[in-house]
Number of protein chains: 2
Amino acid sequence: MKKTCLAGNDCPLSRAYGAVGDWWSLLIVTRVLLGERRRFSEIQEDLGVARNILSARLRKLVEEGILEKVPAPDGSLYQGYAPTEKGRALFKVIVALLQWGETNCRGSPGATSSLVDRRRGRPVPAIEVRAADGRVLGPDDLRLVTPGTVKA
Amino acid sequence: MKKTCLAGNDCPLSRAYGAVGDWWSLLIVTRVLLGERRRFSEIQEDLGVARNILSARLRKLVEEGILEKVPAPDGSLYQGYAPTEKGRALFKVIVALLQWGETNCRGSPGATSSLVDRRRGRPVPAIEVRAADGRVLGPDDLRLVTPGTVKA
DNA sequence: CCGTATCCATTCCGATACTG
DNA sequence: CAGTATCGGAATGGATACGG
């Protein structure tokens with residue numbers, strides 16, 4: 001997909017794409033956010049991504065204000081990465097996608113829910129879209145309003 | 001990103017990526033799901049995507065069981081596309097990403113929320129991750145359990 | 001109108017070598 | 001350890017021409 005095609009677009013989904021960039025970035029943010037793996041080599045090891053790619057993605061994520069550089073947690077002189085508020089807000093997206101994958105893309109049969117509530121150690125229930133009055137909404141209950149000429 | 005790197009992976013996020021494929025696919029599903037644009041040319045027009053790309057994505061989405069071919073709504077002899085249950089389940093992900101984009105990637109200043117509750121015509125509140133007891137969870141309240149050797 | 005097949009340019013990714 | 005620079009192969013995307 002050509003960047004310019006969607007980058008300048010007014011659609012929130014397109015802007016989100018422009019900011020996040022690609023799936024590597026989402027995986028990286030996931031590690032930093034949920035995995036407490038905040039250092040270059042830790043992320044690199046976990047993801048198995050090439051170092052130059054990781055480097056480029058981290059730089060972009062910092063530019064976009066999704067991550068920020070912080071002093072390493074262990075006091076060493078190297079960098080660590082922490083999510084900003086904007087990055088932390090992404091966790092709803094990650095949870096939604098994670099749950100969708102668990103429910104709809106079952107791989108090995110033994111695989112179980114992998115997201116747990118820390119306080120109780122219990123699985124996190126499926127995320128729901130709710131109206132202001134609290135009722136659960138489905139796709140047919142929503143309408144996508146496109147003020148300008150731009151769609152989706 | 002090499003497909004094989006994540007496709008065979010046991011991580012739900014990776015499987016989700018393998019199934020959805022790319023951002024074009026997400027945009028396509030969005031149109032079909034929320035935009036009631038269910039025919040080839042309608043989607044093509046809205047998204048401005050090349051026809052060969054759209055063709056390939058639609059085929060993949062059908063293969064993955066996210067969309068299915070249906071008779072065209074107007075009774076013409078051409079195809080239409082409808083979301084399956086699996087595809088409909090994706091709408092939570094789309095809403096999450098849409099809302100994130102609205103909140104965190106504001107483009108033109110005039111842009112407002114574009115997702116409304118059909119019944120009341122009111123904006124849909126921000127989606128929340130909740131524990132079983134209903135309390136709202138943040139990133140720090142979650143733990144990602146990795147049963148096997150595979151991460152993320 | 002609904003796609004598919006081909007061509008070409010661009011981009012992406014991984015491996016490797018290198019710097020501080 | 002934490003990156004950056006470069007290179008070659010692979011995949012992607014758009015335009016176009018073509019077939020059902």
Side-chain angles (χ1 to χ4, degrees), chain A residues 1-9 14 17-28 31-32 35-64 67-82 152, chain B residues 1-9 14 17-28 31-32 37-64 67-82 152:
Chain A
M1 170 156 18
K2 205 194 296 179
K3 296 256 185 69
T4 56
C5 165
L6 291 176
N9 202 319
S14 306
Y17 169 71
V20 173
D22 60 12
W23 294 93
W24 273 135
S25 301
L26 209 54
L27 256 12
I28 292 168
R31 305 287 333 142
V32 174
E36 296 163 352
R37 310 284 286 180
R38 311 200 146 177
R39 294 178 47 169
F40 191 93
S41 58
E42 291 173 336
I43 301 171
Q44 198 269 327
E45 228 175 288
D46 281 357
L47 258 32
V49 59
R51 287 207 307 275
N52 51 354
I53 303 297
L54 178 56
S55 175
R57 290 300 172 274
L58 284 172
R59 194 180 333 135
K60 181 171 197 304
L61 288 168
V62 170
E63 276 170 16
E64 292 287 345
L67 299 182
E68 58 186 353
K69 295 192 171 196
V70 298
D74 60 359
S76 79
L77 34 63
Y78 298 113
Q79 298 281 2
Y81 293 89
Chain B
M1 169 156 17
K2 205 194 296 178
K3 296 256 183 71
T4 57
C5 166
L6 291 176
N9 202 319
S14 305
Y17 169 71
V20 173
D22 60 11
W23 295 93
W24 273 136
S25 301
L26 211 53
L27 256 11
I28 292 168
R31 304 290 329 147
V32 174
R37 310 285 284 179
R38 310 199 147 179
R39 296 181 42 171
F40 190 92
S41 57
E42 291 173 335
I43 302 171
Q44 199 269 326
E45 227 175 290
D46 279 359
L47 259 33
V49 60
R51 288 207 306 275
N52 52 355
I53 303 296
L54 178 55
S55 175
R57 290 299 173 277
L58 284 172
R59 192 180 337 134
K60 181 170 198 303
L61 288 168
V62 169
E63 276 172 15
E64 293 287 346
L67 299 182
E68 58 185 353
K69 294 192 172 196
V70 296
D74 60 359
S76 79
L77 35 62
Y78 298 112
Q79 298 282 2
Y81 294 89

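Because only heavy atoms are used, hydrogens play no part in the values below, and waters and symmetry mates are left out as well, while side chains stay in. Here is how names work: the chains are called A, B, and so on, in the same order as the sequence lines, proteins then strands, and each is numbered from 1.
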Student: Can you check the B:L47 CG to C:dG3 C1' distance for me, whole Å?
Tutor: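 To the nearest whole Å, that distance equals 17 Å.
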
Student: When the distance from CD1 of A:I53 to P of D:dG3 is rounded to whole Å, what number comes out?
Tutor: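 Taking CD1 of A:I53 and P of D:dG3, I get 15 Å after rounding.
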
Student: Atom CZ of B:R37 and atom CD of B:E45: how far apart are they, to the nearest 0.5 Å?
Tutor: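 Interatomic distance, B:R37 CZ to B:E45 CD, rounded to 0.5 Å: 6.5 Å.
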
Student: In Å and rounded to the nearest 0.5 Å, what is the CG to CD distance from A:L54 to A:Q44?
Tutor: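 Spacing of CG (A:L54) from CD (A:Q44) equals 6.5 Å.
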
Student: Please determine whether any donor N or O and acceptor N or O are separated by less than 3.5 Å between the side chain of B:N52 and the base of D:dG13.
Tutor: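 By the distance-only test, no, there is no pair.
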
Student: Using Watson-Crick or G-U wobble pairs with both distances under 3.5 Å, give me DNA chain D in dot-bracket, 5' to 3', with [ ] for crossers and | for pairs to another strand.
Tutor: ||||||||||||||||||.|

Student: Can you tell me how far P of D:dT12 sits from CH2 of B:W23, to the nearest Å?
Tutor: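 It works out to 16 Å between those atoms.
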
Student: So how far is it from B:F40 CZ to B:L58 CG, rounded to the nearest 0.5 Å?
Tutor: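 If we round to the nearest 0.5 Å, B:F40:CZ and B:L58:CG are 6.5 Å apart.
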
Student: Quick check for you: among C:dC2, C:dG14, D:dG3, whose closest atom lies nearest to any side-chain atom of A:A50?
Tutor: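 Out of C:dC2, C:dG14, D:dG3, the nucleotide with an atom closest to A:A50's side chain is C:dG14.
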
Student: Closest approach to the side chain of A:R39, judged atom by atom: which nucleotide of D:dA2, C:dC13, C:dG14 is it?
Tutor: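 My answer, after comparing the listed nucleotides, is D:dA2.
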
Student: Taking CZ from A:R57 and C1' from C:dC12, how many angstroms apart are they, rounded to a whole number?
Tutor: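 It is 8 Å, rounded to the nearest whole Å.
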
Student: Round to the nearest Å and state the distance from A:I28 atom CD1 to D:dG3 atom C1'.
Tutor: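 To the nearest whole Å, that distance equals 14 Å.
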
Student: Choose from C:dG3, C:dC13, D:dG3 the nucleotide whose nearest atom is closest to any side-chain atom of A:K69.
Tutor: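 It is D:dG3.
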
Student: Within the structure, does a side-chain N or O atom of B:R51 lie under 4.0 Å from either OP1 or OP2 of D:dA15?
Tutor: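 For D:dA15, OP1/OP2 do not have a side-chain N/O of B:R51 under 4.0 Å.
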
Student: Is the backbone N or O of B:R57 less than 3.5 Å from a side-chain atom of B:S25, with the two atoms forming a donor-acceptor pair by type?
Tutor: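 Checked: no pair found.
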
Student: So, OP1 or OP2 of C:dC2: does either fall under 4.0 Å of a side-chain N or O from B:Y81?
Tutor: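 False: B:Y81 side-chain N/O out of range (4.0 Å or more) of C:dC2 OP1/OP2.
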
Student: Give a yes/no on whether any side-chain N or O of A:S41 is located under 4.0 angstrom from OP1 or OP2 of D:dC1.
Tutor: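 No, no such contact exists.
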
Student: From CD of B:Q44 over to P of D:dA15, roughly how many Å is that when rounded to an integer?
Tutor: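 Roughly 10 Å, once rounded to whole Å.
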
Student: Nearest whole Å is fine: how far is D:dA11 P from A:W24 CH2?
Tutor: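 Nearest whole value for this atom pair: 15 Å.
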
Student: Kindly indicate whether the side chain of B:Y81, heavy atoms from C-beta on, has any atom under 4.5 Å from the side chain of B:R39.
Tutor: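 No, their side chains stay 4.5 Å or more apart.
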
Student: Hey, are B:E64 and B:K60 close enough for a salt bridge, meaning a charged N less than 4.0 Å from a carboxylate O?
Tutor: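 A salt bridge is present here (some side-chain N lies under 4.0 Å from a carboxylate O).
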
Student: Give the minimum heavy-atom separation between A:K69 and A:V62, together with the two atoms involved.
Tutor: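 Looks like CG-CG2, 4.4 Å.
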
Student: Which whole-number value in Å describes the distance from A:K60 NZ to C:dT11 P?
Tutor: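 To the nearest whole Å, that distance equals 15 Å.
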
